[in-house]
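Inspection log for the structure reproduced underneath, given as structure tokens.
These values consider heavy atoms only, across backbone and side chains, with no hydrogens, waters or symmetry-generated copies. In this chain, numbering begins with 1 at the start of the sequence shown. For ligands, and for the atoms within them, numbers begin at 1 and follow the listed sequence.
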Amino acid sequence: MDFQFSSQLELLRKSVREFAEGAIAPRVPQMEETDEVPWDLYREIAKQQYMGILVPKEFGGTDLGHLARTIMLEEVGRISAAMAMALQIFHLGTIPFVDFGNEAQKKKYLPPLAIGERLSTIAVTEATGGSDPTGIQTTAKIQGDSYILNGRKCFITHGHVADTITVMAKTGEGPKGFSAFIVERSFPGFKLGRKERKFGLHGCNTGEIVMENCLVPRENLLGNEGDGLRISMAAISEVGRAGMAGCGLGVINACLEASVKFANERILGGKPISQHQAIQWMISDIYMDLEASRLLSYRASWMRDQKMRCDVDMAMAKFYATEAAVRCAKKAVDIHGGYGYMMEYPVQRYYRDAEILIASAGTSEIMRIVMARKALTSK
Ligand SMILES: Cc1cc2nc3c(=O)[nH]c(=O)nc-3n(C[C@H](O)[C@H](O)[C@H](O)COP(=O)(O)OP(=O)(O)OC[C@H]3O[C@@H](n4cnc5c(N)ncnc54)[C@H](O)[C@@H]3O)c2cc1C
């Protein structure tokens, strides 16, 4: 067992940290204020080749892999969880093409996605199908050389921003009654629904997409008819959950740094509050949560790189890192006293951003169901 990162991964962490501190940090106040997507920043991020981190080199990506991606999301999330979430969804929207696309689909769609020329997302959730995706009602009916899609997807990260979307729709009944389609925003019948107002992750768009007799060419079916649940669940459980864990790691890093700085600088009764054991305990809890979240997340991502089965390990990493992010953000706010509630200090943002990481890509209850299923059947 080797707990040492390669020099390539150490270098990646250093370069992402420098980029995030230099290019992303100055944009956070504006994103917080306006909740607008910072397009020019995406172009800068694209130049860093972060979007194509899971795309094979032959299609224009860097193919650095899942562990590298987790480190990258951790470093971006340390500065902005919203930006880490945006990156995570690009990868999640792209991975179905990498894993299930045919040669023609890969050639057409992957190169522009790998360099951030086009943006992607995945659209599964509907009002009738969140934790239980089989409750979705969007339909796809074949008509000549096209499928006609009808339905409304909610809570779609970058739904209003993405050019290319993996959409899950019903083509039949039962678990094999779902199929996945590559939908472009320019297709006739594709429309935008409402944009959500969120209490965190400002600058990362979330909204509805609507398909009204949306015409999708037959060749845009991913895999075969009936593969939809398998394709979307593989993406969400192995890439989406790893991504949310990466965002959580970023938030915990930020909480630790802000708490240590404040505790050392805040003088009360002639000494810094860091000398109080009560404050030290809170800081040690955050520190421990960071290391435990890292170990679970790095290991699950490494397993995915080794092509090992990792759905339960991802659920564990996602559960732990996102729940820990909320716990740590609460402690960071508490350590700051009244200042923690003031917009001037960033810990209130960490708190708001952390909470939403729990629901995205499967709630903690669903993660517990995945873990319990394994634990109860393990010999
Ligand atoms: C910021 C954000 C971004 C998102 N981005 C995307 C995206 O890009 N694409 C996409 O497709 N979706 C996206 N989602 C949707 C997300 O995956 C769902 O919100 C999530 O799966 C939960 O579904 P729900 O919100 O409908 O909650 P519900 O399923 O209605 O759950 C409500 C509550 O019931 C609990 N519950 C449900 N079923 C069970 C059960 N069997 N046992 C015990 N408890 C249960 C849940 O844990 C939760 O506490 C996003 C959500 C958010 C908040």
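Annotation: Tyr298 is not in aromatic contact with Phe3 [ring centroid separation under 6.0 Å not met]. With ring centers used as reference points, His336 lies 6.0 Å or more from Tyr341.
When heavy-atom distances to ligand 1 are checked against 4.0 Å, the residues falling inside are Met85, Ile89, Thr121, Ile122, Ala123, Val124, Thr125, Gly130, Ser131, Phe155, Ile156, Thr157, Ile356, Ala359, Ser360, Ala361, Thr363, Glu365, Ile366, Ile369, ordered by chain and number.
Classification of the Phe262-Tyr345 ring pair by plane angle, with boundaries at 30° and 60°, yields perpendicular.
Hydrophobic clustering of Ile, Leu, Val, Met, Phe, Trp and Tyr side chains at less than 4.5 Å, counting indirect connections, unites Leu249 with Leu9.
For the pair Lys195 and Asp35, the salt-bridge criterion is met [side-chain N within less than 4.0 Å of a carboxylate O].
Through direct or relayed side-chain contacts under 4.5 Å between Ile, Leu, Val, Met, Phe, Trp and Tyr, Met367 connects to Leu296, Val312, Met316, Phe319, Tyr320, Ile366, Ile369, Val370, Met371.
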